[in-house]
Amino acid sequence: MERSTYYKIALVLGATALSTGAFSWKSREIIKKRDRVCAICGSTEHLEAAHINHNKQDPRYDDPSNGRLLCTEDHLKDHILRHGRNGLT
């Protein structure tokens, strides 16, 4: 499935946020400065801090080492592939 298809699926499902948990402002800024490009496609546009491990019980959940920078499309694709539709809410 091409990336634009994942984006369209997310729009149809009404996804407005990829995760109920977000990184703290400090962690998000560290990840952005450290990575600078999408970890999957190398894009420099529409970048978001994304969790690697989505287990909120993990004490390192908000740690920058549990994050990577992804463009919006790859972030959507990651959630759909790993979590199905529920990964978009």
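Keep in mind that this is a model prediction, so the values were computed, not measured.
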Sorted by chain and residue number, the side chain to side chain contact (heavy atoms under 4.5 Å, CB included) partners of R36 (sequence neighbours excluded) come out as none
Minimal heavy-atom distance between F23 and A49, with the atoms involved, is CD1-CB, 3.8 Å
By salt bridge (Lys or Arg N to Asp or Glu O under 4.0 Å), R34 pairs with (sequence neighbours left out) none
Hits for side chain to side chain contact (heavy atoms under 4.5 Å, CB included) against N66, two or more places apart or cross-chain, chain-then-number order -> H51, I52, N53, Y61
Applying side chain to side chain contact (heavy atoms under 4.5 Å, CB included) to I30 and not counting sequence neighbours gives K26, P64
Sorted by chain and residue number, the side-chain hydrogen bond (donor to acceptor under 3.5 Å, both in side chains) partners of S24 (sequence neighbours excluded) come out as S27, D62
Rounded to the nearest 0.5 Å, the NE2 atom of H79 sits from the CG atom of D74 at a distance of 11.5 Å
Sorted by chain and residue number, the salt bridge (Lys or Arg N to Asp or Glu O under 4.0 Å) partners of D35 (sequence neighbours excluded) come out as none
With sequence neighbours left out, the residues meeting side-chain hydrogen bond (donor to acceptor under 3.5 Å, both in side chains) with R68 are D78
Rounded to the nearest 0.5 angstrom, the NZ-CZ distance for K33 and R28 is 13.0 Å
To the nearest 0.5 Å, atom OG1 of T72 lies from atom CG of L47 at 8.0 Å
V37 side chain near L69 side chain, heavy-atom distance below 4.5 Å:
no
To the nearest 0.5 Å, atom CD of E48 lies from atom SG of C71 at 8.0 Å
Rounded to the nearest 0.5 Å, the NE2 atom of H75 sits from the NE2 atom of H46 at a distance of 15.0 Å
